[in-house]
Amino acid sequence: MQKNTTGSKLKALREYADYSPEKLARFLDCTPEQVTAWEQDEEEPTINQWMMMCRLYSVTPDEMFSHINPEELVDEDIRDEFCHESALNRLVQWGQYI
């Protein structure tokens with residue numbers, strides 16, 4: 001079973017669109033080697049490249065990053081504080097729409 005990573009998602013989207021790394025690289029003004037490095041989780045695209053891929057593959061940024069759990073990106077020693085601040089910010093934003 002393949003691990004659900006950003007790279008595996010990028011590769012699946014590219015293959016579903018039937019693009020070679022070379023063709024995608026032309027669209028994104030990069031090299032095919034960079035595309036391969038993204039798909040192997042060795043490098044990350046720039047924000048502009050992310051947005052261009054969202055547009056190219058007709059997915060929203062939320063769909064593109066749906067496999068990522070932000071809490072897993074935070075060190076364990078500050079996770080509780082992060083979760084508290086995240087919940088507090090959601091309440092503040094929600095309160096703006098009432």
Worksheet item: side-chain hydrogen bond (donor to acceptor under 3.5 Å, both in side chains) with D41: which residues, sequence neighbours excluded?
Response: T5
Item to complete: Take T46 and Q49 through the side chain to side chain donor-acceptor pair (under 3.5 Å) test and state the conclusion after the steps.
Response: CA-CA 5 Å; T46 66; Q49 291 165 330; 3.2 Å; yes
Taking side-chain contact (heavy atoms from CB on, under 4.5 Å) as the definition, give me every residue that meets it alongside [X], ordered by chain and number, with sequence neighbours left out.
X   : result
S20 : E22, K23
D75 : D77, I78
C54 : V59, P61, M64
E42 : A37, Q40

Practice prompt. Flag yes if more than 12 heavy atoms outside N89 fall under 6.0 Å of its CG atom; otherwise flag no.
Written response: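 Yes.
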Discussion item. Within a 6.0 Å radius of atom CZ on R79, are there more than 12 heavy atoms belonging to other residues, nucleotides or ligands?
Written reply: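 Count over threshold, so yes.
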Item to complete: Among residues two or more places apart or on two chains, list those pairs meeting ring pair (Phe, Tyr, Trp, His ring centres under 6.0 Å) that have a residue in residues 58-89.
Response: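 Qualifying pairs, neighbours excluded: W50-F65.
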Can you see which heavy atom on [X] is nearest to which on [Y], and at what distance?
X   : Y   : answer
P21 : V35 : O-CG2, 3.9 Å
C30 : W38 : SG-CH2, 3.7 Å
A25 : P32 : CB-N, 3.6 Å

From [X] [atom1] over to [Y] [atom2], what is the distance, rounded to the nearest 0.5 angstrom?
X   : Y   : atom1 : atom2 : answer
N48 : M53 : CG    : CE    : 10.5 Å
E43 : E33 : CD    : CD    : 10.0 Å
L24 : M52 : CG    : CE    : 9.0 Å
D29 : Q34 : CG    : CD    : 9.0 Å

Discussion item. Could you check whether any side-chain N or O of S86 sits under 3.5 Å from a backbone N or O of C83, counting only pairs where one atom can act as donor and the other as acceptor?
Written reply: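 Here the side-chain-to-backbone pair does not exist.
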Worksheet item: Using the benzene-type ring in the case of Trp, are the ring centres of F27 and Y19 under 6.0 Å apart?
Response: yes
Practice prompt. Evaluate the side chain to side chain donor-acceptor pair (under 3.5 Å) criterion for residues S66 and K9: first the C-alpha distance (whole Å), next the side-chain angles of each, then the deciding distance (0.1 Å), finally the verdict.
Written response: CA-CA 10 Å; S66 64; K9 187 164 195 168; 3.1 Å; yes
